[in-house]
Each structure stands twice: as C-alpha cells, then as structure tokens.
Amino acid sequence: MNDAFPAVGFDVARIRADFPILAQTVRGKPLVFLDSAASAQKPRAVIDAMVNCMETQYANVHRGLHWMSERTTDAYEATRDAVAALLHANDRTEIVFTRNSTEAINLVAHSYGRGIMKAGQAVLISEMEHHANIVPWQMLRDAHGTELRVAAVTESGELDMEDYAAKLADGRVALVAITHMSNVFGTYTPIERIIRLAHENGAKVLVDGSQAVVHRRVDVQALGADFYVFTGHKLYGPTGIGVLWARHELLEAMPPFMGGGDMIGSVSFERSTWAHVPHKFEAGTPAIIEAIGLKAAIGYVEAIGYEAIAAHEAALTDHALARLATIEGLRVIGRAQDRGGVVSFTMQGAHAHDIATLLDRQGVAVRAGHHCAEPLMRRLGLDSTARASFGIYTTHEEIDVLAASLERVREFFV
Amino acid sequence: MNDAFPAVGFDVARIRADFPILAQTVRGKPLVFLDSAASAQKPRAVIDAMVNCMETQYANVHRGLHWMSERTTDAYEATRDAVAALLHANDRTEIVFTRNSTEAINLVAHSYGRGIMKAGQAVLISEMEHHANIVPWQMLRDAHGTELRVAAVTESGELDMEDYAAKLADGRVALVAITHMSNVFGTYTPIERIIRLAHENGAKVLVDGSQAVVHRRVDVQALGADFYVFTGHKLYGPTGIGVLWARHELLEAMPPFMGGGDMIGSVSFERSTWAHVPHKFEAGTPAIIEAIGLKAAIGYVEAIGYEAIAAHEAALTDHALARLATIEGLRVIGRAQDRGGVVSFTMQGAHAHDIATLLDRQGVAVRAGHHCAEPLMRRLGLDSTARASFGIYTTHEEIDVLAASLERVREFFV
Amino acid sequence: MNRPGVSGPGTTTLADDVGDLYQQVILEHGRNPRHAGRLTAFDASAKGDNPMCGDRVEVFVKYAADGTVARTGFEARGCAISIASADLMAEVVAGRAPADTRAMFETFRHMAQTGDCPDCDATMEKLRPLAGVHDYPSRVKCATLPWHALMAALDGKGSATSE
Amino acid sequence: MNRPGVSGPGTTTLADDVGDLYQQVILEHGRNPRHAGRLTAFDASAKGDNPMCGDRVEVFVKYAADGTVARTGFEARGCAISIASADLMAEVVAGRAPADTRAMFETFRHMAQTGDCPDCDATMEKLRPLAGVHDYPSRVKCATLPWHALMAALDGKGSATSE
Ligand SMILES: Cc1ncc(COP(=O)(O)O)c(C=O)c1O
Ligand SMILES: Cc1ncc(COP(=O)(O)O)c(C=O)c1O
C-alpha cells in the first residue's frame, strides 16, 4: 500500500497487514472500512491471544486451585494491570471489568447514583452525549428523584463553557457525566477545565472515554477525573469487555450493582457481605477470553504508540477535511479546533442512508443515522448524518476513495 | 484413546480431537480436566467461528447500513434463532443476551423484581442454589421490601417437596427461582412438578439452567417455565455471553434494566421510549463475537445430540460413583436418584484444597471449596468439598486416573 | 440511468451497481413526491418511526363515503427509498377498501423481504421497483415504514415502528 | 516422605511431586497443631476469612506484662497449609513485640509469594517449609490467612480477609 502522507515512523502498510479483515473485498470492491468509531477491526495479536487462551490455557478464574485455573486467573488479572497502566490508575483495584461502556455507565448510575446520591441532587451532562451517557441518568432521575441537567453545545460542536459553568453554579450538581470525545463531531472536550470547574463546584466527574482512549493517551491522574469508562471493541479489542475506572474510595463507598458468585465475602440467607473492590462489582464468571484479548489490544496500541497514532490520525483528518471540502453540496458538521478522526457530514439532495448504501456499493463502509445521539441531531436541526471514522489502519488513499465515491454519489443524485 | 465403556454411537476419541486444549500436559502429566461444571473447554468449531468473524465479517450490529454490519447483524441475530430453537422458545424475541447466568438473574431481579413485584410479596429459592440465584434476591429484598424464602434440601441432596409446597401455600410467593441441576450434587430437580405447584399457587418460575442445559435437552414449553437462564461458557461456548429466556408478555411488561444505545425507541432529554423486546434489554454494543461463538457451540452440541451426550455422561457418572466407592474414607456428597455428571466428595484426613492441589500435581483438575453455594455447605455441615465434573470429552479412563490419583492422595495423607 | 461522468476507475458505473435498488422511478418519487404533505382534512393519521436510523413518517388518510381510502398524504423525513415508498403507497391504495390495503401491505412486505411477488397484479406491479431492497436488510425497513404507519392509521392507532 | 505404595504408573512418586509444598513438617503441624484452640484468657482476637475458598481462622492473643505476645491460639477450618501456617506462626511470634511481629509478617509474606527469604534469621527459618506455596498462587492465601488475622488482632480490628 502506497501511503502518500506517512506519519513519521508509522508504517501503515505494516499495520494493515496485522488486520486480516482488511484484505476482504465487499461487493467485489476492496473493503474501505471507515466505521471504526462504531467498532474497530481486530489485529492478529488480539485474535491470537484469544485463540491461544482457548487452545492452551483456559478454565474458570478465581475459584480454581488447579494449574489451568491459576494460569487463566493470572492472565485475566494481568489485563487489570495493563488497563491500570494504560489509564495511569493509582491502583489495579480501581479497574472494574464490565461488558462495555454502556454497562460501566449504568453501574455508576446505579451504584453511585442510587447508592450515594440524594434525591434533589443533579447530574449534569452535555448536549453531545451518546445515548449511553444520557439514558442511564434519565432512568436514575425517574427512579430516584435526581435532576438531569444538560449543558449546551455551540454551533461549532464544542461544549458551551459558559452554559456549563452556569449549570454548575448552584452547587446542587453531584456528578458531571461528559464525553471526552464526541462520536459525532470528533470534538475533544476541554476535559481538564471541565473537571476543574466541576470540582470547584463540589461535583464528581465521570468521563466517557469510549472514543478518546482509542486516539489519545489518557492519564486519569492528570485529568483529575473521578470515573473513566471505555469499551474494548473500539480499542481494537474483543466485544463483551469494557472498563470502569474509579477512585478507590468511591468504589469502596458504592454498593454493588449485581449480585452472585465472585462478588461476595460470605453468603448466608440472612445476610451476605461483599468482596473487596474491584471484585465487589464483578458478579459471575467474567469475560475471561475477552479480557485476555483486550490485554493484547492494549499491548498492540502501546507498541505502536499513542503519539504516532495521534499524528497519523491528525494527518488523515486534515486530508479528509480538505478532500471533503471540494465536494459540492457536502457539509461537514462540527468545526471544533481540537478534533480527532471522526467526520460527520450531510449532502444536499441525498439522505444519509442513501449515501451510505451508495458508498457501500463502492466498498466503502460509513455509518448513517443519528449515531446514538438523537438529542444532538435535534439540536443541530438534522435527522441524520453520514459519518466516516478512521483508525490506525486507515490510509490517505482510502480517504481519496471516499472522496471519489462521494463525487459519484453526488452525481447520481443531482 | 481406548475408552472402555463407549456409549453407543458416541465416539469420544473423535470428540476429544475437536478440543485442542485436551492435548495439553500440565505439570508434565496429560491434562485430565474434570472441572467442566465451572467452565467447559471450547471445541475447534467455536474457536473457528470467532476467528472467522474477526477475520472476515466484523462490524458493529444493528446500526450499520453497510455490508459488514448487515452480515454481522445477521450472524448475531441468527444466534437468537439458534437459542430459541435450543430452548423451544415460542418466539425469537423471547431471547435476551446477557453476559452470563448471573446477569440474566440480576436482570430479572431488577426488572421483574423492582418493576413488577410489590413489597410484601415473596421470592422462594432453595437451599441448594448457587450464589448467583441467592444474592440478587437478597439485594431485591433489601432494596424493595420483598421477602426471601428458602425451601429445604434433604440429606440425599434433593429438594424437600413438602417444605417447598408449604412455603408456597400462603399465596404470597410471586416468584420461585430454582436450579434445574445442582452444581454441587449434580441433582436434577423435579422441575415440571416444581413449576406446576408454583403456578397453582400463583407464582411465576425462574429456572437456573446453567448446569442442566449442558447435559439435557431443555424444552421451556414442556417445562412450563416463565424464565430460563443459562451461560455460554459452560455450554462449550465463549465467556461473556449468557441467555435469558422469558415469556414474551413478561418481557413486554418489564421495564428495562440498563439504558443506552440499541435499547431505545427515541431519546429526548425529557423522555425516552424503549425499543421492542428483546432489544429493550440489550443496551450498548452486545457481545457480538461471543454470540457468534455461542451459535457454533449450540450447533456442535446439537450435532452430537443430547441423547448421546446424556447416555455418555450417565455411564461416566455410574463409573465414577462405582470407582470412588472403593476409596477408603472417601464420601460422596448427595445421593439423588436423578443426577448428572457432577460428583462432590470429601476425604477423611484430607482437606478439599489439599486434595485439589495433590490431584493437580498429577495432572487432574478438580474444584475444591464451597462451589459458590455457601449456604448449602453450611446446611450439610461442611466447609468445602472437592468436585469432579464431566463433559462430552470426559473418558472412563480419565475417571480411572482420578480414582488412582485419589488413592495416592489418601496414602499421602494417612 | 447510465449517465456520463458517473463511472469510476472500475468497469461498471455506480448506476450499474445500484440500479437494482435505485431505479429511476424511485429517484423521481424520492425527489418529487406527489403525495407529500399533510391533508387539509383527514379522518385518520399515524406516525411511523424507525428507531435504529431515525426515519420518521406521518401518514394522513381521508376516507370516501363508502369507507374506501379516498386519499393519502404523508410528511416524512427519510431517505429516497422511504419517501418513494410512501409516495407509491399513496398511489396504489387510493380507492381501496381497508381490508384490501392490508392485503396489499402483506404482498408488498413479502416482495420487499424476498424480492419476489408471485401474485402481483397490475397495481402491485407499480411497487416492483422497490423489490430491490430485499438485498439490503436494513433498508427493507425504510421501504415498509410508511406502510406500518398506514396500517396503524387504519387501525385507529397513533403510531407504529419498524425496528 | 517417600513411602512405599504411593508411586503411580510414572517414575516419580506423589511425594516427589509435591514434596516442595507438603514437607513433612507441614503435614505434621497440619495434622497435630500444638496451638489449636481458643485461649481460656486472651486480650485480643480477630477472624480471618478467605471468601474465595471458604477458609476461616480465628486467632487469640494473650499479651505479657511488657506488651509482647505471650501466647497465641487459633481455631481454624482449612487445609493442611493454613493450619500448619497458623501453628508455626503461633510458635515464632511467642515472646515478640507487636512491631516485631508485623515485621515477621512482611518477611513471611515475601517468602510465601516469592519462595525467597534473603534475610531470614533462625526463627524465620522455621517458616521456610511454607515457602513452597509460592508456586501455587491461590494457596499463598492459605498460608497468609492466619497472619492477616493476627495482624487484625494486634491492630484491635475484628477481622481480616485474604482474597
Ligand atoms: C447452578 C449455577 N448457577 C449459576 C451459575 C453462574 O454462572 P455464571 O458465573 O456464568 O454467571 C453457575 C456457575 O457458576 C451455576 O453452576
Ligand atoms: C461516545 C460514546 N459513548 C458510549 C458508547 C457506547 O459504547 P458501547 O456500545 O460499547 O457500550 C459509544 C459507542 O457506541 C460512544 O461512541
């Protein structure tokens, strides 16, 4: 693969060779996969780690005294170490495994929300949240009597910091839950400032890092966050595994979310006691094979390096914005300064679904719809957008194919 | 492999060849894996299905209009059909995917328990439940004011049907939650009778099929159950995927458990509406790769056939009970008539942990401890037992190795 | 449909590739629907809504004195397929009894899902251009959404979804 | 430890295989612990509990007038390793100041986890037979459980767990 604008030290051809699926054709055309923000493809290292587990070293964890169980427990728990290092957690016990970001947020909404928050306190989110960071707080509101506040987003697709500060001002916000990077605009939020302001006003902060952790190095200590969540399948890892990081003292104070094996201290019918964190929050047999896959994904990303990834993706995004700007009637949605490799757009005379289908016919996979951000769409006066999103394996050439294919869509429709 | 007592039409050597891990050695000895009740090993068909998904046909489901997403959605939803057929569900929409049995039970405890049950109504469980079928009902009791009743178990390890009937008699039990097969004794409960009695007394029934579905054909219509749960990893499938089956009208009436993408009808900050069942209960990106693996596991088991599996395992269990009976000081716990391939035992002068370690040194993997059934252990006056459990790949020879190894343990300790 | 300038580097044009789905009649009805708009007077209406993609449609029905569907109008936000389908639907159901209309939906749904219409009469043949969606499972819902809304209106229900 | 009749079909005996873990001294202390039982009079006590396997121990401490640990007793349900460890612990801490006892725990924990004890004195050498657990991660907790309980007793806390 001949990449016109390689980032220094970043060999996209070699990276592509690590992803078996990228050699596929779709509808007779080479696959141009521009839907990584929905879910990323998996490198050979991840596939191999999962296969290796199932072929050579598998048993249930934590409760076995035999070799297979001990070794599988070691491997499962080693993922906790890898995630703790990835996020710069203080302590490995601050890492809780969940199914995905959605479950991680629901866990906090349930355990911190119902367990610690009081009726009348407020949760503050933003207009550009994914449904995963809206609906759990609505459900908390309806079940528990908390308030749900929403900070506005500007026309450029950035958080309206004045509105945000105003919504914090009365001191009744107990928790801010906000995205680190928008899955619609690609905008990075000024998360350090957001957190500082929240803390000044007595609120804890949950950061939805589902998109951000894929593209940027995250240091929860430097950010000052209280909760950070992400999902394995977007970080080139398996489905079925996600992460909640939270400060140890918060996890200690929170009641468990689900009950069952592995999360208990002791059980009697009258009364049970809970295991120490993080086990208190991991009821039942965990996603063992998936955790082991996630560790391989983190290792893969770390070996390439976030700096190289960020540089590659910044170059891709610049290239994409430049190419898309040349297409008549195409409008890119969101014009934030600080943005990553997610580009939403509309095209005059062509609905996003039709764009997606016509691109698909040309082998180009993009997403179309509300991107699980209906309130944001409504705010923008849109029904839907088409969205191209980039990963470590995306090439400048693929963006050229996207642009050329979009030209053909335009000509087809107008 | 020379199997002394082959079940008719059942070629255990061929089956073993399908499980790559069984060729491993442990501590220099051939692996004798007798811990399948904790989690089963995975056949090549499951591994291949997962690899094939990741290498050739992967994208996020439900929300994509492009080829990869459409095909992945088809494959994910085809698992729902396979599970519906496995359990004889009326309708594919009655199948909800969860992480494991534990989450499935927690889902019911939360959505049916808090959403439909009233304070003062009771949940009736038995003394031989796994923690997964105890703790969620305790948490419901403590949060929602329901009562928790426990039906006794007899010395032989069977449900005390008189006590069960007595606990139902006042009509205040809204839900019976009971195991289909004990993970400690291997006992099958007389589930049709249990359900009939519950229904006569106005209670719905949740059946914990985590163990049973591995060994016997389950027909939820014939059983008359209202909820049935199982977990993929014990059925030779991946971790990270479990199943809740429930009657359509129950799922319709129940509020959602977790909020987020994929489970919504529409979202606004004021109010959101829910998607139809089963999607209402599947928030966020599901365990896609794992669902696809589970379908392969079901296909694998169905191809061998439950009848052949049951015959093989019955022969193994008889053989094991006969062999263990010859070991001095060894006591098998639970003497139910109707039982499957799970055998718990204690040995005079040797603690279960020491037995497990000494067996491990001989390559034999068994479990030791309370088996996530502490109240049952207390009822039996035990701290812990050692447990050998069998799967489709277990051979009579392996049971002979277990017996010989246990003889050596006995000699070592006494 | 094979227009100059649409061809890419390959040997087929985009129109060749998607001609089965985006037939000329769909593009036309999608661009210039004849029955778009809220009826000034109507007897029944219902909304339809596809939560997975955000498509919405509202259908308005005016009955004739004999109970047949006199006129149908719709307001929609959606793709070319769903708008063309709404527009073609309005055309074919005019003058039909509600029972007929329901039967037509069943026939149409079968066609959209399978691509086949073994017993299509001349009227139903007008919907044939939409049969190409059968190859695109998630787009089937775009084509059937207005019909779901129409069925809800005939049933006196306020809304329908096509998930 | 190499007894007749223990040898299986292989060339090594079970005792050869597990001799690193189940040394004779452990088997003896496991079978006939000298310090088992609740003290008739004690100044501090605490329970220890390993939720993953169900092992439980309760440790009782009687202090001397100078504040050193005069005697330690324990009640336990558990495996040979945990009972032998409790018994050996009771032996080595007798006459030690609480601060010493804490330091001994750290030394012992390191030994149990790694198999090494670079600065073991003669007293700590008595615990050396337990160093074999380092090869069995889940059994390390069996060996350290009584120590966790003892630390809790010294701290005036009622309980400890070794998860
Ligand atoms: C009877 C029974 N119920 C529930 C469970 C819980 O299964 P999981 O840990 O997969 O949720 C198990 C297995 O651990 C079991 O044996
Ligand atoms: C910003 C954001 N938050 C949350 C999610 C939810 O992730 P998951 O579906 O894996 O729970 C996503 C992706 O869908 C996302 O982009």
Side-chain angles (χ1 to χ4, degrees), chain A residues 25-30 32 38 131 135 184 328 344 346-378 380-387 397 400-414, chain C residues 1-24 26-33 49-58 75-86 130 132-143 145 162-163:
Chain A
T25 58
V26 159
R27 306 197 188 274
K29 311 281 192 315
V32 175
H131 291 166
V135 182
V184 177
E328 215 184 296
S344 268
T346 58
M347 191 191 267
Q348 214 166 5
H351 189 277
H353 295 176
D354 298 316
I355 297 174
T357 298
L358 291 170
L359 289 178
D360 179 55
R361 271 284 146 149
Q362 300 173 79
V364 180
V366 301
R367 193 137 291 232
H370 54 53
H371 312 295
C372 293
E374 268 194 87
L376 178 62
M377 290 289 136
R378 218 169 286 129
L380 300 172
L382 296 168
D383 307 334
S384 57
T385 68
R387 182 188 73 182
E397 260 184 356
D400 294 339
V401 172
L402 169 69
S405 304
L406 280 168
E407 272 299 350
R408 298 173 86 202
V409 171
R410 195 186 63 77
E411 289 164 19
F412 185 79
F413 267 106
V414 297
Chain C
M1 267 194 62
N2 203 333
R3 308 189 214 160
V6 182
S7 149
T11 53
T12 59
T13 66
L14 181 53
D16 290 341
D17 280 347
V18 297
D20 49 340
L21 182 58
Y22 290 95
Q23 298 195 18
Q24 199 56 36
I26 292 179
L27 290 177
E28 277 167 21
H29 281 272
R31 214 173 288 143
N32 301 305
D49 161 27
N50 179 344
M52 289 304 164
C53 67
D55 274 2
R56 302 245 161 123
V57 64
E58 186 164 4
E75 286 181 335
R77 65 172 209 214
C79 60
I81 310 275
S82 67
I83 292 181
S85 179
L130 288 160
V133 293
H134 82 272
D135 214 20
Y136 305 78
S138 56
R139 306 303 303 276
V140 170
K141 294 164 188 162
C142 303
L145 180 62
S162 76
E163 254 171 46

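Letters A, B, ... are given to chains in the order of the sequence lines, protein chains preceding strands, and every chain is numbered from 1.
C:Ile81 touches chain A through backbone and side chain together, each having a heavy atom under 4.5 Å away.
Side-chain contact between C:Asp55 and A:His353: present, with at least one pair of heavy atoms (C-beta onward) separated by less than 4.5 Å.
Looking only at distances, no side-chain donor or acceptor of C:Arg77 sits under 3.5 Å from a matching main-chain atom of A:Leu382. Without hydrogens or angle criteria, A:Asp354 side chain to C:Ala80 main chain gives a donor-acceptor distance under 3.5 Å.
For the residue pair C:Tyr136 and A:Arg361, a side-chain donor N or O sits within less than 3.5 Å of a side-chain acceptor on the partner.
Atom CG of residue C:Asp135 and atom CZ of residue A:Arg27 lie 6.0 Å apart, to the nearest 0.5 angstrom.
For A:Asp360 and C:Arg139, the salt-bridge test fails: no basic side-chain N is under 4.0 Å from an acidic carboxylate O.
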Report task. Just do the side chain to side chain contact (heavy atoms under 4.5 Å, CB included) check on C:Leu21 and A:Thr357 with the steps written out, would you? Result -> CA-CA 9 Å; C:Leu21 182 58; A:Thr357 298; 3.5 Å; yes
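Among the candidates C:Gly78, C:Ser82, C:Gly30, C:Cys142, the residue making the largest number of heavy-atom pairs closer than 4.5 Å to chain A is C:Gly78.
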